[in-house]
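Everything below concerns the one structure shown next.
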There are 2 protein chains.
Amino acid sequence: MILRDAFLRVRRFDDFQARLGIARRVLHERLAGLVEAGVLEKVPYQERPLRHEYRLTQKGLDLYPVILSLVHWGDTHYAGEDGPPVRFRHKSCGHTVEPVLTCSCCQETLRPREVQPEFSEALKLALKTA
Amino acid sequence: MILRDAFLRVRRFDDFQARLGIARRVLHERLAGLVEAGVLEKVPYQERPLRHEYRLTQKGLDLYPVILSLVHWGDTHYAGEDGPPVRFRHKSCGHTVEPVLTCSCCQETLRPREVQPEFSEALKLALKTA
DNA sequence: CCATATAAGTTCATTTTTAAGACTGATAAA
DNA sequence: TTTATCAGTCTTAAAAATGAACTTATATGG
């Protein structure tokens with residue numbers, strides 16, 4: 001949820017806090033964890049007094065498909081009669097976004113049954129000994 | 001992680017338990033929660049003794065883009081030198097899948113900066129009063 | 001018949017997390 | 001001078017997770 005909000009352009013501690021209603025301590029731990037994981041970075045936006053904001057790194061931006069498809073899933077299955085709380089407009093085509101996961105090589109929609117998982121030898125070994 | 005495994009065709013309690021090393025109690029709670037949420041369903045596969053497996057419902061299958069893009073993110077940023085533990089082969093084109101999130105209307109790759117979030121009036125109100 | 005195995009839990013004691021809310025410190029604005 | 005803003009930090013109580021053993025129903029092998 002912190003990350004979802006980060007993609008909604010939320011960047012500052014108190015803004016996250018107000019939006020999520022999460023305990024400040026927990027928010028602090030989460031943000032610190034995300035910074036340590038390299039998903040967010042603290043960028044100062046003023047000195048005197050020193051203040052910084054949390055911005056997505058490239059690694060964080062790479063999570064965009066995850067977040068957007070999760071939000072879309074939530075909108076599909078949980079939106080009330082008024083529709084979803086946030087809609088996303090695709091600037092290039094002007095429409096409300098409906099995200100679809102496709103295969104980069106053939107552009108087809110990816111469906112679970114058309115995708116065959118193949119386990120690495122290392123993983124097979126690890127599962128056997130456990 | 002339970003759901004990731006479900007998409008890897010894991011369906012039975014003890015298989016989840018062995019793969020995840022999670023406490024049985026917690027696994028039970030999670031599975032029950034997912035069933036209650038309508039993401040999984042219990043399907044008996046034998047009687048005497050009664051045994052059942054957990055299968056993804058349509059709602060659960062709809063989470064495929066979320067899981068697949070999350071796994072892909074993990075593979076990109078955390079895979080060791082041996083490559084990712086599981087590779088996904090797209091049956092229709094034969095290649096290892098590299099998932100891309102696209103806009104259903106224009107087929108373009110969705111990037112955070114090309115997508116404009118628009119808040120519903122209801123949400124704006126809710127944020128103001130809080 | 002008896003011991004062991006399997007699947008799917010359940011129970012218990014102990015450790016970890018989380019939550020809610022008050023408090024701090026630096027600075028700016030009224 | 002009082003109040004507000006931002007980014008935390010502290011404390012205590014409640015909730016959740018952990019690991020290991022225990023249960024129930026049935027099947028299998030000797």
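All values below were derived from every heavy atom in this structure, side-chain atoms included, with hydrogens, water molecules and symmetry-related copies excluded.
The pair B:R51-B:D14 does not count as a salt bridge, with every side-chain nitrogen at least 4.0 angstrom from each carboxylate oxygen. Between A:R55 and A:E41 no salt bridge is recorded (no basic side-chain N to carboxylate O distance below 4.0 Å). One finds a salt bridge joining B:R89 and A:E118 here, because a Lys/Arg side-chain nitrogen approaches an Asp/Glu carboxylate oxygen to under 4.0 Å.
Atom pair B:L20:CG and D:dG19:P shows a separation of 13 Å (rounding to whole Å applied). B:Q46 has its CD atom 10 Å from the C1' atom of D:dA27, to the nearest Å. If you measure from atom CD1 of A:I22 to atom C1' of D:dA7, you get 15 Å, rounded to the nearest angstrom. Atom CZ of B:R25 and atom C1' of D:dA16 are 9 Å apart (whole Å). The distance from atom CD of A:E29 to atom C1' of D:dA7 is 15 Å, rounded to the nearest whole Å. Between A:D14 atom CG and D:dG8 atom P there is a gap of 9 Å when expressed in whole angstrom units.
Looking at A:R24, its side chain comes within 3.5 Å of the base of D:dA7 through a donor and an acceptor atom. Checked by distance alone, A:R51 brings a side-chain donor or acceptor within 3.5 Å of a matching partner on the base of D:dC6.
Taking side-chain N and O atoms only, B:H28 has no distance below 4.0 Å to OP1 or OP2 of D:dA17. Contact annotation: A:K42 side-chain N/O to D:dC6 OP1/OP2 distance is not under 4.0 Å.
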Between A:F16 and A:R12, is the side-chain contact (heavy atoms from CB on, under 4.5 Å) condition met? List the steps.
CA-CA 6 Å; A:F16 281 115; A:R12 299 189 185 167; 5.9 Å; no

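You can see that DNA chain C meets the heavy atoms of chain A within a 4.0 Å-exclusive cut from C:dT18 to C:dA28, reading 5' to 3'.
Expressed to the nearest 0.5 Å, how far CD of B:E98 lies from OG of B:S69 amounts to 12.5 Å. For the atom pair CD (B:Q116) and CZ (A:R9), the distance works out to 6.0 Å, reported to the nearest 0.5 Å.
Cluster membership check: B:Y45 does not share its hydrophobic cluster with B:L31, using side-chain heavy-atom separations under 4.5 Å among Ile, Leu, Val, Met, Phe, Trp and Tyr.
Across all strands shown, B:F16 has no heavy atoms under 4.0 Å from either base or sugar-phosphate atoms.
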